[in-house]
Amino acid sequence: KWRKIIFHQESTLVSRVEGILKRGKDKKAFQFEDASFTANFLVYGLSLHPLRSWNMEDYTKDELKNLLVKNLMSTVLA
């Protein structure tokens, strides 16, 4: 039951990110090939801190956040 709820919430998040990407591409702010893939990639990237922070102890939370945003945004900015 919980797994189904979590998957639904994640799917909703990916759909919202996909919508943002499509609107950004229409306005020529973003550049990418496939909105669905890119949305899934970005949402996956957002899980870096909870999944990998144990191995990235040399970075503060703010440093990780800034690096993450910089790297993820570079994948879509025109």
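Because the structure is predicted, anything quoted here is derived from the model rather than measured.
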Do [X] and [Y] come close enough that some side-chain heavy atom pair is under 4.5 Å?
X   : Y   : answer
D62 : K65 : yes
F37 : E33 : no
Q31 : V76 : no
H49 : K61 : yes
L72 : L46 : yes

Rounded at 0.5 Å granularity, tell me how far [atom1] in [X] sits from [atom2] in [Y].
X   : Y   : atom1 : atom2 : result
M56 : L68 : CE    : CG    : 9.0 Å
S11 : R16 : OG    : CZ    : 12.0 Å
L42 : M73 : CG    : CE    : 8.0 Å

Judged by atom type as modelled, is there a donor-acceptor pair below 3.5 Å linking the side chain of T38 to the main-chain atoms of A35?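 Answer holds: no.
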Measure from the side-chain N and O atoms of E63 to the backbone N and O of T60, and report whether any donor-acceptor pair falls under 3.5 Å.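 Yes; at least one donor-acceptor contact below 3.5 Å.
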With a sphere of 6.0 Å drawn around CZ of F32, does it hold more than 12 non-hydrogen atoms of other residues, nucleotides or ligands?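 Yes - once you tally the heavy atoms of other residues, nucleotides and ligands closer than 6.0 Å, there are more than 12.
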Would you say CD of E10 has more than 12 non-hydrogen atoms from neighbouring residues, nucleotides or ligands within 6.0 angstrom? no
Salt bridge (charged side-chain N to carboxylate O under 4.0 Å, His left out) evaluation trace for D26 with R23: CA-CA 5 Å; D26 290 344; R23 287 190 301 279; over 6 Å; no
Could you state whether L21 and Y44 fall into the same hydrophobic cluster, counting links through intermediate Ile, Leu, Val, Met, Phe, Trp or Tyr residues with side-chain heavy atoms under 4.5 angstrom apart?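 The answer is no; the residues belong to distinct hydrophobic clusters.
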Which residues share a side chain to side chain donor-acceptor pair (under 3.5 Å) with K25, sequence neighbours left out: none
